[in-house]
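Working notes, beginning with the structure itself.
The model shown is predicted, which means the values in this text are computed figures rather than measured ones. We use all heavy atoms of the structure for the numbers below, so side chains are in, but hydrogens, waters and symmetry mates are not. In what follows, chains are A, B, ... by sequence order, proteins preceding strands, each numbered from 1.
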Amino acid sequence: MAIDLFNTLSGTVEPLAPEQANELRMYCCGPTVYDYGHIGNFRTFLHVDVLRRVARLQGMKLKHVMNITDVDDKIIRNAAAANMPISEYTAKFERAFFEDMEALGVERPEIVPHATESIPDMVSLIQTLAKEDIAYRADDGSWYFRIAKFPDYGKLSKKDFEGIEDGARVDVDEYEKDSARDFALWKAEKNGEASWQTDLGTGRPGWHIECSAMAMKHLGPTFDLHAGGEDLMFPHHENEIAQSESATHKPFARHWFHVRFLLVEGKKMSKSEGNFFTLRDLLLKGYRASAIRFLLLSVPYRHQMNFTFEGLTESANAIDRLRTFAERMRTAIFSGEENSELAALIAEKQQAFDAALATDLNTAEARAAMFDVVRAANSAADQNKVSAENAKAILVFLQRFDSVFDVLTDRDQKITKAALDWAEKEGRIGEAAEGLVEAAGLSDNEIQKLVDERTLAKKQRNFARADAIRNELAEKGVLIEDSKDGVRWKRK
RNA sequence: GGCGCGGUACCCAAGUGGUAAGGGAGAGGUCUGCAAAACCUUUAUGCGUCGGUUCGAUUCCGACCCGCGCCUCCA
């Protein structure tokens, strides 16, 4: 099944067709490691992760490159404010970034190059452009890209630059450019800021050049797909195209994938709006990593998504239902006769699941297909109409579902605990939600001991004691469920 | 101003030229010592408004209203 995917460049949904049929070679703009990642960042990476996983489900191998931008204005500014060397500062936030990605179940791309390790590649790319007079050196030693030399400029973001007057809005410190639209390839060293001595002079790279250089270094002049947040479409990706195609005279990425913005409480997230959240903020508030992942994936990537705390709670509940169901399918003994009706439904829904994902990554519809099976199978199981074969087929589907959504395995406790440890170290433990520290401190053994005690009390028909234990555990976020197959408990 | 997206039940949300998936929440019920879990029933004659095309529109077209994003090295 081919994956149909919207291509920003063509403006239509078209089959994702890797040049080498069984390998998807893609580039995704990675983080600038100047601070902790916020949930908007992660929405993008999460949907790129889904793309990866769906491609793999369709039998493709992956060569996925994601850069780390470890030098830029914000980094220089923040590192100075923190009184840390830049490399130490960026290392800290890069580490945090990958911890967060792991917490959210985002797979690590195959290749993760750093901007600061790719300077020579950028320099040589700029030199190539300079040979054709596309790159030019300004009086202060900075290098710019001459947009007039690239007639296709604007083809990605569908902007028509004809008629825009040069110099209409020139910044004071940009007066050296030939045209206001020209963008920096290389910034001359100033004020003793981070710089490299190169054949272009002493300075540091402009933002866009790093992605062109790193993408082409690892994927060649033309590759299958380029991804990023919608805001990167212009100017970042437009500039990448201009630089790369001017240098190689070949098409750059063939398919462009953009994830639309996340809104929080109906507004674009921003610190001044007070609706700005990092992953760690949410973990400290007591929300589970799996719920955050599931919520961020519940709205397809091409739609704006409005993030709410209510939504997080709903997602957590939905995951609980899935996990309970998966556990039931794994552990219950199914002695029913083969239920061909159920078997047909499972097959049909699994197909619907695949089809939904292959249709521009419709995660909402894919989700629904899984839930259709949950309800039908639970219902059948209640009537003892599930065969061992049925259960097996359901487990296969669940695994397929989880190979994309990755929420069934409960890593939440561990992740929350790690977040609390981090908060302790950073002096932010005061922000932790009430009871969170206590709940995290409660070990499985301690819980089991209380559960056993309650079971004994129940046997002795000492219901008052049993209920007291249940309430005590509930206060610490542990729910007890009695069933025919014994007592289960889970952390809420 | 230019470009683009969206307005579907209490909340989130999918979708189609032929009469509204799924999740969460609420209500009632079955089960249970009581709960929980699970299941059953139930919650939009309705898909922003007004026109048009059509045998038929939520789905196509037009206008309007509302919300949002990009056009500033913000995912």
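- In this structure, A:Gly311 reaches neither bases nor backbone, as no heavy-atom distance under 4.0 Å exists between it and the strands shown.
- Atom CG of A:Leu473 and atom C1' of B:A35 are 14 Å apart (whole Å).
- Checking the phosphate oxygens (OP1, OP2) of B:C74, a side-chain nitrogen or oxygen of A:Lys74 falls inside 4.0 Å.
- Protein atom CD1 of A:Ile75 is 17 Å distant from nucleotide atom P of B:C73, rounded to whole Å.
- Here, B:U43 and B:U8 have their C1' atoms 15 Å apart, quoted to the whole Å.
- Nucleic acid contact for A:Gln383: none, since no nucleic acid atom lies under 4.0 Å from a heavy atom of the residue.
- Atom pair A:Asp320:CG and B:A38:C1' shows a separation of 14 Å (rounding to whole Å applied).
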Open item on the list: Go through it in stages, so that I can follow the logic: the residues are A:Glu94 and A:His114, the test is side-chain contact (heavy atoms from CB on, under 4.5 Å), and I'd like the CA-CA distance, side-chain angles, deciding distance and then a yes or no.
Closed with: CA-CA 10 Å; A:Glu94 180 180 340; A:His114 291 72; 2.6 Å; yes
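- Base pairing annotation: B:U42 forms a Watson-Crick or G-U wobble pair with B:G26, both donor-acceptor distances under 3.5 Å.
- At the heavy-atom level, A:Asp482 lies under 4.0 Å from base atoms of the strands shown.
- With a cut-off of 3.5 Å on both Watson-Crick or G-U wobble distances, the partner of B:U58 is given as none.
- Salt-bridge annotation for A:Arg204 and A:Asp73: present, with a side-chain N of the basic residue lying under 4.0 Å from a carboxylate O of the acidic one.
- In this structure, A:Phe45 forms no aromatic stack with the base of B:A75, since the conditions of centre separation below 5.5 Å and plane angle below 30° are not both met.
- Residue-to-nucleotide contacts include no donor-acceptor pair under 3.5 Å from the side chain of A:Lys267 to the base of B:C68.
- Distance, A:Phe334 CZ to B:A38 P: 14 Å, rounded to whole Å.
- Of the charged side-chain nitrogens involved, none lies within less than 4.0 Å of a carboxylate oxygen, so that A:Asp410 and A:Arg288 do not count as a salt-bridged pair.
- The separation of B:C3 from B:G62, taken at their P atoms, amounts to 15 Å, rounded to a whole angstrom.
- Between A:Phe294 and A:Phe401, the two ring planes are perpendicular [angle over 60°; tilted spans 30° to 60°].
- Taking atom P in both B:C5 and B:G15, one finds a spacing of 15 Å when rounded to whole Å.
- Both tests pass for A:Lys159 against the ring of A:Phe234: distance under 6.0 Å to the centre and angle within 45° of the axis.
- Across all strands shown, the partner of B:G6 is B:C66, judged by Watson-Crick or G-U wobble contacts whose two distances both fall under 3.5 Å.
- Checking A:Glu481 against A:Ala466, the closest nucleotide of RNA chain B that is more toward the 5' end is the one next to A:Ala466.
- Pairing partner, B:U16: none, since no Watson-Crick or wobble contact has both distances short of 3.5 Å.
- Per the geometry, CZ belonging to A:Arg321 stands 10 Å off C1' belonging to B:G22, to the nearest Å.
- Among the heavy atoms of the strands, none lies under 4.0 Å from A:Asp72.
- In a base pair of the Watson-Crick type (N1 to N3 plus N6-O4 or O6-N4) or a G-U wobble (N1-O2 and O6-N3), with each distance short of 3.5 Å, B:C47 is matched with no nucleotide.
- Nucleotides B:A9 and B:U58, compared at atom C1', are 14 Å apart to the nearest Å.
- At a threshold of 4.5 Å between non-hydrogen side-chain atoms, the residues A:Met305 and A:Arg260 do not count as touching.
- A donor-acceptor contact under 3.5 angstrom links the side-chain atoms of A:Lys187 to the base of B:C73.
- Across all strands shown, A:Arg323 has no heavy atoms under 4.0 Å from either base or sugar-phosphate atoms.
- Not a single donor-acceptor contact under 3.5 angstrom links the side-chain atoms of A:Asn317 to the base of B:G23.
- Here the straight-line distance linking atom CZ of A:Phe97 with atom CG of A:Asn41 works out to 7.5 Å at 0.5 Å rounding.
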Open item on the list: Base contacts versus sugar-phosphate-only contacts with protein, heavy atoms under 4.0 Å: please encode nucleotides 4-16 of chain B as B, S and - from 5' to 3'.
Closed with: BS-----B-SSS-
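- No engagement by A:Leu479 is indicated, since no non-hydrogen atom pair under 4.0 Å with the nucleic acid exists.
- Using Watson-Crick or G-U wobble geometry with both donor-acceptor distances under 3.5 Å, B:C74 finds no partner in any strand shown.
- For B:A25 and B:C11, the C1' atoms lie 7 Å apart once the distance is rounded to whole Å.
- In this structure, A:Ser379 reaches the sugar-phosphate backbone alone: every heavy-atom distance under 4.0 Å involves primed, P, OP1 or OP2 atoms, never a base.
- Comparing B:C31 with B:A38, their C1' atoms are spaced 9 Å from each other, to the whole Å.
- Using a cutoff of 4.0 Å between basic side-chain nitrogens and carboxylate oxygens, A:Arg280 and A:Glu99 are scored as salt-bridged.
- With RNA chain B read from its 5' end, the first of the two nearest nucleotides for A:Ile480 and A:Ser315 is the one closest to A:Ser315.
- Atom CZ of A:Arg330 and atom P of B:A38 are 15 Å apart (whole Å).
- Remark: B:G33 base-pairs with no nucleotide; criterion is Watson-Crick or G-U wobble with both hydrogen-bond distances under 3.5 Å.
- Annotation: B:C64 and B:G1 have their P atoms spaced 12 Å apart (nearest Å).
- In this structure, CG on A:Asp4 lies 12.0 Å from CG on A:Asn362, to the nearest 0.5 angstrom.
- Separation of the P atoms belonging to B:C50 and B:A57 is 14 Å when rounded to the nearest angstrom.
- In this structure, CH2 of A:Trp489 is placed 16 Å from C1' of B:A37, rounded to the nearest angstrom.
- For the atom pair A:Lys490 NZ and A:Thr324 OG1, the distance stands at 3.5 Å (nearest 0.5 Å).
- Residue contacts shown for A:Phe371 are limited to sugar-phosphate atoms, with no base heavy atom under 4.0 Å away.
- Here B:C74 presents its C1' atom at 7 Å from NE2 of A:His38, a figure rounded to the nearest Å.
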